Amino acid sequence: MEWSPKLDLWCSLDGATKSYCTPESYKGSRSRLYHNLGGGRFEDATEKSGVGDPSGKALGVAVLDYDRDGWPDLFVANDTQPNKLYHNRRDGTFSEEGMAAGVAYGEDGVARGAMGADSADYDRSGRAHLLVGNFSNQMLGLYHNEGNGLFVDEAPRSAVGRASLLSLTFGAFFFDYDLDGWPDIFAANGHIEDEINRVQPKVFYRELPLLFHNLGGGKFENVAAFHEPMVARGAAYADFDRDGDLDILVSTNNGPAHLFRNDGGNRNHWITIRLAGTKSNRDGIGAVIQVESASGKQWSMVRSGSSYCSQSDLAQTFGLGKDTSASIRIEWPDGSRQALGQVAADQFLTVNEDRGITHRAGR
């Protein structure tokens, strides 16, 4: 939004101490889309692409192909303004479908204080669903993609909603922490007002991170995996110790970063795939990786961003449960397909767009 020291407003929770003003007190500001022209040059394509909403107060962006047409769409999480879902028209422009798709507002029809966002196929429906971190007393948004252009927020009737109601979530993402093949949910929480407990006794400045285990069938359970409240902001995941399972890095407001090592998450089998583009971009961003093992099919799009002010590892980790091998197919951004056949589990693979598997390593 539009803010500067000169434009700063005085707001207070108790009438005596200065606190943050709500975003409604300020004018919005446009998000920006820069078109890569090649050769290290970019052009500002905000206006002609149709994503330059001047009222936006964006904090999170997730890239997803929600209609599976092979073209990446954009979800923008706005703070106290309607969220946006930009559908890719395949000609360099986008149409805004947030209201029609059901992701613009909460179930009460009010724009929420949305922060971090992510996307994944958490129920193996073949569709990309949405996760959105929201303000305290609003709960997480868990938008299920119905496959007909509509999303339904499953959080209010699930453990995800009940457990996250009082939390203020900034960083949020899907990841498979126990490698059973079903994406779980992590939420990094922390309020913006250090004295919030004085006016809302059930809400705290320092809050516990939340971890929701995916039980399959669209159901989650709250796992008490964290015991230190913090004022969390950014959150990202990667396998930093190269043991197969995914670890978490969390940044905090006016405090240290926290690196949480996942111990025991690699009891199941897994496979990690890092792409190396040649005709496509060097990291394979936009490529879709499909993995099929005895227990079923999974897929994931290589994408940057998500969560909040963070970047997770671009390598894609797939949990295989008890399966000891899987077949891999890759659809690169230009639509070309690459089949790798059956591959043994518990490997880190580097896949080149032209040459296939160029590097293998075990844990």
Side-chain angles (χ1 to χ4, degrees), residues 64 118-131 142 144 159-160 172-187 209-223 225-226 235-249 260-275 284 287-303 306-307 312-331 340-351 357 360-363:
L64 72 162
D118 196 17
S119 174
D121 180 6
Y122 67 78
D123 62 353
R124 297 194 182 182
S125 63
R127 301 186 292 270
H129 313 293
L130 279 166
L131 173 69
L142 182 61
H144 184 269
V160 173
F173 53 72
F174 291 103
F175 78 135
D176 187 358
Y177 80 87
D178 61 346
L179 302 174
D180 65 354
W182 297 90
D184 310 299
I185 292 172
F186 176 78
L210 291 172
L211 181 64
F212 296 98
H213 181 224
N214 191 336
L215 302 175
K219 296 182 179 180
F220 293 84
E221 66 175 350
N222 183 20
V223 179
F226 300 90
Y237 60 85
D239 180 8
F240 91 95
D241 55 356
R242 299 283 286 183
D243 67 348
D245 53 33
L246 295 170
D247 312 292
I248 298 173
L249 181 67
F260 295 100
R261 188 184 65 205
N262 187 343
D263 287 340
N266 56 11
R267 294 188 181 98
N268 285 315
H269 295 295
W270 50 272
I271 198 156
T272 296
I273 303 164
R274 186 178 300 278
L275 299 186
V288 175
I289 303 174
Q290 299 179 5
V291 171
E292 184 172 359
S293 62
S295 57
K297 298 179 181 179
Q298 304 175 59
W299 68 275
S300 183
M301 177 192 288
V302 182
R303 63 203 187 281
S306 288
S307 192
S312 293
D313 191 359
L314 291 175
Q316 302 296 296
T317 294
F318 295 88
L320 300 179
K322 302 307 177 184
D323 302 342
T324 57
S325 66
S327 63
I328 301 169
R329 290 187 301 157
I330 301 167
E331 183 174 330
L340 303 181
Q342 204 73 12
V343 176
D346 304 333
Q347 294 190 84
F348 300 95
L349 303 178
T350 300
V351 180
I357 298 174
R360 302 171 184 259
R363 62 184 177 190

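Just the heavy atoms: all of them, side chains too, but no hydrogens, waters or symmetry mates, feed the values below. Note that the structure is predicted; figures quoted are calculated from it, not measured.
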Heavy-atom closest contact (D118 atom, A172 atom, distance): CB-O, 3.8 Å

Quick check for you: to the nearest 0.5 Å, what is the distance between [X] atom [atom1] and [Y] atom [atom2]?
{"X": "I273", "Y": "W270", "atom1": "CD1", "atom2": "CH2", "result": "11.0 Å"}
{"X": "F318", "Y": "Q290", "atom1": "CZ", "atom2": "CD", "result": "9.0 Å"}
{"X": "R127", "Y": "W299", "atom1": "CZ", "atom2": "CH2", "result": "10.5 Å"}

Look at the rings of F175 and F173 and say which category their plane angle falls in: under 30° parallel, 30 to 60° tilted, over 60° perpendicular. perpendicular

Using the six-membered ring wherever Trp is involved, compare the ring planes of H129 and Y122 and label them parallel, tilted or perpendicular (cut-offs 30° and 60°). tilted

Donor-acceptor pair, distance only, cut-off 3.5 Å: does the side chain of [X] make one with the backbone of [Y]?
{"X": "S312", "Y": "Y237", "result": "yes"}
{"X": "D184", "Y": "N214", "result": "yes"}
{"X": "N266", "Y": "D243", "result": "yes"}
{"X": "D123", "Y": "G218", "result": "no"}
{"X": "D180", "Y": "G321", "result": "no"}
{"X": "D323", "Y": "H269", "result": "no"}
{"X": "R242", "Y": "F348", "result": "no"}

Could you walk me through whether F260 and F226 pass ring-ring contact (aromatic ring centres under 6.0 Å, His included), step by step? CA-CA 9 Å; F260 295 100; F226 300 90; 4.9 Å; yes

Test side chain to side chain donor-acceptor pair (under 3.5 Å) on D176 and W182; report intermediate values, then the result. CA-CA 6 Å; D176 187 358; W182 297 90; over 6 Å; no

Give a yes or no on this: more than 12 heavy atoms of other residues, nucleotides or ligands lie within 6.0 Å of atom CZ of R329. no

Who passes salt bridge (Lys or Arg N to Asp or Glu O under 4.0 Å) against R261, sequence neighbours left out? D263

